[in-house]
Amino acid sequence: MAHGTMLLLLISLTLAVGPAVGFYGGSMTFTPGNRFPDGSVEMHFYYRESSRGPCGSQVNWICESGSCGVLTNTEPMETDSTAQHLWCQSEVHMATNVTNGPFILSSSGCCWEDNVQGVGGWTLHTHVDTSQRSDTRSPNRSPVSAAIPNIRIPQNCFQNFQLLAHDPDDDVVRCRFNDANCTLCHQHTNIHLHKESCTLHTGDSLALGVHVFELILEDYPVSNITVMDHNGVFSVRNAFNDSNPTALSQVPLQFGVEILPPAQGCVPGVNKPSFLTPTPLHGDVHHAAVGQAHEITLQAQIADNSIFDFQVSGPSNMSKTLTSLSNGVMMATLTWIPQETDLFRHVPVCFTAETLHRQSEMRCIIVVVAKARVLSGEAKVICDDNSISIVVSKASMDGIDQDWLQLRDPTCSLTSNQTHIMGTMSLNTCGTTMDDSGDFIVFKNEINSFENPNAVITRRNQVKFGFSCQYPKIASVSNRYVNHKSDYIFTESSFGTFSYSFEVFTDQTFNSQVDPSQYPVQVQLMDKIYMGIEARTALPEITLFVESCRATPEDNPFSAVFYDIIKDGCVMDETVMPHPSDSTKYDFEIKAFKFTGGFDEVYISCSVILCAKDSPNSRCAQGCLGPAARRRRRDVSQETARHYITQGPLRVARQTHNSAASNDGGFLHMSTSTGVFAGLFVVSIAVVAGMLVYNAKRTRSVDRMHLLSTF
């Protein structure tokens, strides 16, 4: 009897595990569908699986816990493969109707492709909660990610590998290693995972062969929300910045990376394929419509080899057409016609360009499926060293009201003439983001239509399109854009395009600014630092008002650790001495200080406003507003929005006890090194429970001297 039971168990395990072939990773995403009168919710799951050899899913998903309903699935559909069947990726669509949540789907089996860590079996988990969110009024949608089936990187070229981490609900996404079922074999001693950007980093060489990566993606609300289950019971889901947040969902992302022997070099376009325009950038969002063909164009080039294919991870019915162009350029056209079942999906599409022995960087984009196309205009993007300009043809966006368009930062508006809509911004304003795409530094922004937040209906077409500028890393973009802050450029409908410069000067004449190549700048404690803000605009009779300035130990004006220098237009630091100038300049000096607590850097961030000169009701006219000041109603038509500008970093030079006394001549010490992102002045302040405890009005000079520390 015992022998028969053991035999039955072995048969059951064999059926559950499936064929022992080369599993090469998988990813899962899910999205809710219809909600039915009985309270049940339709849930759709999309599982992609990579393998060595012919296509066909090895995974059998089961309900591990909770009430999962009856799970139905389609046959695996091939998404991409090689003619020799060396590798393949397929996609399965599963659906279930669920009344009670949450629940967990899981699958396990064997065997991974032979790998360096000796990982044999795999385990996949998907955590789902069908409760209705208070912010979206719908069940949660999972994070979205994917990977191509066969990732190949030479041993000397694996430095940063960025994965896709997108969330349809705009939640915070975090990646982590899945170490639940193995404490030793799945470790990556030479790999660091940056959880925020879902990027793998390594500073050491990895062993040749296949490395297995088993990740979990989790999403957290940006702010506290409530969720309501089918019985009408509410519970709270805390924001990610809470001390003990609970993930809204978990989905798996597993893939293998084959480390190849070292290559002669890692330069894009020379030693490996480099993507060309109009190839989408990593993280781009495209918009498609049900029943209409959506095309994605990829182009790549390499000097000393030939590109024979593009490897693609996409939806199951996406087609690929290859075209060889001149000068060794290969083009792929990806075509996909979303079906009714794809409505409202956020579909990941990842791709690489392939030569026989090399592979380009992997890029991934998102295709959002709607009932009808989102309007996107014809635009020209101008990429300058320090700014991006976009000019959109009105003819391509017929019937669109410019007043309901905005950049990513709504305080930056657009201007127009009879034929075009225009906007100009610097690389660090108006919501422009900087991404490291591997081979390039990419600056992105977007133009969106917006609605009254309280509106239930709309009679305006939706507009959304992104634009970007990319700069090759070999041109030392990081030196130009990170160490020294270039001019800040804004556009507002009432004031047109205007800019601010924020500079450090060498002396009290404010005529000679510190050269950008000299950043980070070094000073001694108690040295005089000379800084100046200048506004530039084509409009006459304009006044600059500096509403606040604060020091922070990081490049973030909203850092939890800060020191107010100017607040509400009032000078808070007793060493600040303004140097009067014309109406569009604000020059001041301040004595160098540093933060206690081991901080090395100091940045100065100021909020600035432009006003029409002599306007009695503008913020500029109000001046210093202390706690007891009566705040009058402002005429916002006579002033710009409040904008934040930052300069730094600067570093206080370390001193020995027998060093000579500092020179009273002011600012004399500059660093000639630009390779280090370094420091700033120095302030010593006590931080208790994340709050600054400092009262400028009560502090005496002796207290300040007591707080200043020497090195």
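Computation of the quantities below employed the complete heavy-atom set of this structure, encompassing side-chain atoms and omitting hydrogens, waters and symmetry-equivalent molecules.
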Can you name the side chain to side chain contact (heavy atoms under 4.5 Å, CB included) partners of His346, sequence neighbours left out? Arg141, Val144, His166, Pro168, Ile366, Val368

With sequence neighbours excluded, tell me which residues meet salt bridge (Lys or Arg N to Asp or Glu O under 4.0 Å) with Arg133. Asp135, Asp169, Asp171

Using the rule given for side-chain contact (heavy atoms from CB on, under 4.5 Å), can you reason through Leu260 versus His357, listing the C-alpha separation, both sets of side-chain angles and the distance that settles it, and then say yes or no? CA-CA 9 Å; Leu260 304 174; His357 300 291; 5.9 Å; no

Do Arg345 and Tyr46 form a cation-pi contact, if we require the NZ or CZ to be under 6.0 Å from the six-membered ring centre and within 45 degrees of the ring's axis? yes

Asn156 meets the side-chain hydrogen bond (donor to acceptor under 3.5 Å, both in side chains) criterion, sequence neighbours left out, with none

Using the ring of each side chain (for Trp, its six-membered ring), is Trp112 parallel, tilted or perpendicular to Tyr24, with breaks at 30° and 60°? tilted

Could you please spell out the steps behind the side-chain contact (heavy atoms from CB on, under 4.5 Å) verdict for Ser249 and Asp129? CA-CA 7 Å; Ser249 67; Asp129 190 347; over 6 Å; no

Between CG on residue Leu200 and NE2 on residue His194, distance to nearest 0.5 Å: 11.5 Å

I'd like to check Val116 versus Leu206 (side-chain heavy atoms, cut-off strictly below 4.5 Å). Are they in contact? no

Let me check something: any side-chain donor-acceptor pairs from residues 329-336 under 3.5 Å, sequence neighbours excluded? List them with distances.
| from | atom 1 | to | atom 2 | distance (Å) |
| --- | --- | --- | --- | --- |
| Trp336 | NE1 | Asn317 | OD1 | 2.6 |

In sequence, state the C-alpha distance, the side-chain angles, and the governing distance for Leu325 and Asn327, and then conclude on side-chain contact (heavy atoms from CB on, under 4.5 Å). CA-CA 7 Å; Leu325 305 179; Asn327 300 319; over 6 Å; no

Side-chain contact, heavy-atom cut-off 4.5 Å: Cys350 with Arg48? no

Is a side-chain donor-acceptor pair under 3.5 Å present for Thr279 with Gln299? no

ring-ring contact (aromatic ring centres under 6.0 Å, His included) filter on Phe255, not counting sequence neighbours, yields Phe213

Under the rule for ring-ring contact (aromatic ring centres under 6.0 Å, His included), what residues qualify as partners of His44, not counting sequence neighbours? His93

Are any of the side-chain heavy atoms of Val92 and Glu49 separated by less than 4.5 Å? no

In a check of side-chain contact (heavy atoms from CB on, under 4.5 Å) between Val251 and each of Phe45, Tyr47, Phe30, which one passes? Phe30

Asn150 to Glu258 - nearest heavy-atom pair and separation: OD1-OE1, 4.0 Å

Straight-line distance of Phe443 CZ to Thr432 OG1, nearest 0.5 Å: 9.0 Å

For the CG atom on Asp114, are there more than 12 heavy atoms of other groups (residues, nucleotides or ligands in this structure) within a distance under 6.0 Å? no

Atom OG of Ser205 and atom CZ of Phe158: how far apart are they, to the nearest 0.5 Å? 11.5 Å

Rounded to the nearest 0.5 Å, what separates atom CD1 in Ile382 from atom OG in Ser387? 8.5 Å

Does Cys430 reach the side chain of Asn445, with side-chain heavy atoms less than 4.5 Å apart? yes

Exercise: identify the closest heavy-atom pair between Glu113 and Gly22: OE1-CA, 3.6 Å

Leu343: side chain to side chain contact (heavy atoms under 4.5 Å, CB included) partners, not counting sequence neighbours: Val290, Glu340, Lys371

With sequence neighbours left out, the residues meeting side-chain hydrogen bond (donor to acceptor under 3.5 Å, both in side chains) with Ser145 are none

For Pro315 versus Val349, what's the shortest heavy-atom pair and its separation? CD-CG2, 4.1 Å

Tightest non-hydrogen contact, residues Cys111 and Trp122, listed as N-CZ3, 3.4 Å

Can you pull the salt bridge (Lys or Arg N to Asp or Glu O under 4.0 Å) pairs that have at least one residue in residues 273-285, sequence neighbours excluded? Asp284-Lys444

Quick check: do Gln359 and Lys272 have side-chain heavy atoms less than 4.5 Å from each other? no

Greater than 12 external heavy atoms within 6.0 Å of Lys320's NZ: yes

Distance, nearest 0.5 Å, that separates OH of Tyr220 from CG of Leu248: 9.0 Å

Measuring only between side-chain heavy atoms, which start at C-beta, is Leu217 closer than 4.5 Å to Cys175? yes

Looking at every heavy atom in both Ile148 and Met362, which two are closest together, and how far apart are they? N-SD, 3.7 Å

Who pairs with Val222 by side chain to side chain contact (heavy atoms under 4.5 Å, CB included), at least two apart in sequence or on another chain? Val172

Under the side-chain hydrogen bond (donor to acceptor under 3.5 Å, both in side chains) test, which residues partner His201, sequence neighbours left out? Asn160

For the student: nearest non-hydrogen atoms of Phe310 and Ala353, plus distance: CE2-CB, 3.7 Å

Does anything in residues 142-156 form a salt bridge (Lys or Arg N to Asp or Glu O under 4.0 Å)? List the pairs, not counting sequence neighbours. Arg152-Glu354

Output the distance between atom CG (Leu208) and atom CD1 (Ile259), rounded to the nearest 0.5 Å. 8.0 Å

Check step by step if side-chain contact (heavy atoms from CB on, under 4.5 Å) holds for Ile390 and Ile447. CA-CA 10 Å; Ile390 183 166; Ile447 294 178; 4.1 Å; yes

